[in-house]
There are 2 protein chains.
Amino acid sequence: MSRSRARKSKPYHHGDLAPALLAAAEQLIEDRGVEGFTLREAARRAGVSHAAPAHHFGDANGLLTELAAVGFDRLTAAQREAITGVTDPTQRVVEMGLSYVGFALDHPAQFRLMFSSGRIERTSDRLRIAGRAAFQIFLETFAAARGVVVEPLTPHEAGRDPVVLRQWAQVHGLATLAIEGQLGPTIGPGRKRLIESARAVLEAALKALPTRKESESRRAAL
Amino acid sequence: MSRSRARKSKPYHHGDLAPALLAAAEQLIEDRGVEGFTLREAARRAGVSHAAPAHHFGDANGLLTELAAVGFDRLTAAQREAITGVTDPTQRVVEMGLSYVGFALDHPAQFRLMFSSGRIERTSDRLRIAGRAAFQIFLETFAAARGVVVEPLTPHEAGRDPVVLRQWAQVHGLATLAIEGQLGPTIGPGRKRLIESARAVLEAALKALPTRKESESRRAAL
DNA sequence: TCCTTGATCTAGACATTGAAAAGATGGATA
DNA sequence: TATCCATCTTTTCAATGTCTAGATCAAGGA
């Protein structure tokens, strides 16, 4: 009974709507910013009616919250990948930080959605768990560079250690300043220059860190 | 002709609407967040019709842009006041940074409006000039602590100096992490604890700063 | 085979929003 | 006094988020 409609008419059921809506929403906030997001436009881009998203995400904030959680998943993966193959504990922290900044530069709208948007439900378990995972990698990698062990901590707790807090604030500050446009262009050659600046900052920060040895090899990379 | 209406009926002309609208808008974003702002609600709180704001600010973004500019004016004043009476150049940088973080804690919605909102017109001259003034104080005060002189620079230019960039990122990162709720409560005793943590971070940062001596006293605090 | 169930999606309605247009008000100025 | 014009209101319109009722369709049971 569905022989003639297979070609042209679109099926009543999308079949894979949730991921399609997330992809549409991601493209949308990239195009028009987080503030330019509308649920109806996202539905439009996914080719469904304006009421369809409700069945998968509840309301508009639900969709954005899931999109933010996906962002944390990506950030976690990016950080993990950035340190694979890097053996020097200090260098691992640098690479991880640069992947953090790089993620912000590559996905500025999603980054802002994740960290500085009032449109997501921060109490969501899905979101909190995804956020914790990203933070946990930072914490473990940084602890290894300091030569200390650390049990799983919440960000709130970890923020009480000035050394952790300082490193965290540095990286997060670099990322936010960059995507806010305070540091100049973030695409093309501007992006490369920003990463170089971030590398200089992070290496300077790490050089003064461990109590044991201070390698004097300064690669300001230029 | 305006004798009997003086008591109860409100006058047709507000008389001082622009500041009243700004005050209403400020209260509104404090109550409901930047995303909860609506032009009509701001007008409602100011006691005028929903079309009145247009005559003073153009559109909704115009009002918010002015509110952000006022925020930069306040931040500038706060930074200026924080360093008055403080003679030690290094301590001036610490106090200035704490006033920056303190401003964010006291006006989180306005701070987010100023730095991480897509709803303001960043090309506005009024906004840019106000933003530059706040940045200029930071730059001059920090340069004095380093023992260098610095001619007026745009943030873009200043961001190329890793030492400046690092200090800037630290302070901005502390402020943003705090108001994003990543560091725990920001009011009551939480606020005091946050300021203490920020002080520890900034003093550690400044201790390692000048090229002259490197005191090895590491106060990891706790 | 039929038909029932539940998940998925559409269509329509409603209150709210930002903006534009046209008119009302009243202080300032000549 | 008469005119001007900045200020403010009223009306209107398209767009938005959410709700409700109904349409579609696959899968499983009688």
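The basis for the numbers below is simple: all heavy atoms, side chains too, and nothing from hydrogens, waters or symmetry mates. Because the structure is a prediction, the values reported are computed rather than measured. Naming convention: chains lettered A, B, ... in sequence-line order (proteins, then strands); numbering from 1 in each chain.
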key: Salt bridge flag under 4.0 Å for residues E26(A) and R45(A)   = no

[X] [atom1] to [N] [atom2]: how many Å, rounded?
X	N	atom1	atom2	value
D59(A)	dT16(D)	CG	C1'	14 Å
L17(B)	dT25(C)	CG	P	18 Å
L63(A)	dT18(D)	CG	C1'	14 Å

message = Quick check on contacts: within residues 31-50 of chain A, what sits under 4.0 Å from DNA chain C by heavy-atom distance?
response = V48(A), S49(A), H50(A)

inquiry  = With nearest nucleotide decided by heavy atoms, which residue, H56(A) or H55(B), maps closer to the 5′ end of DNA chain C?
reply    = H56(A)

message = Looking at every non-hydrogen atom in both residues, tell me the closest pair between A82(B) and V86(B) and how far apart they are.
response = O-CG2, 3.8 Å

query = Nearest heavy-atom pair of L194(A) and A178(A): which atoms, and what distance?
reply = CD1-CB, 4.3 Å

message = Could you check whether H56(B) and E66(B), counting side-chain N and O atoms only, form a donor-acceptor pair closer than 3.5 Å?
response = no

inquiry  = Would you call the rings of F142(B) and F138(B) parallel, tilted or perpendicular, taking 30° and 60° as the class edges?
reply    = parallel

inquiry  = So A60(B), base contact, sugar-phosphate only, or nothing? Heavy-atom distance under 4.0 Å.
reply    = sugar-phosphate

query = Between dT9(D), dC19(D), dC8(D), which one does the side chain of A51(A) approach most closely?
reply = dC19(D)

key: Option among E35(A), E180(A), H107(A) that satisfies the side-chain hydrogen bond (donor to acceptor under 3.5 Å, both in side chains) test with R112(A)   = E35(A)

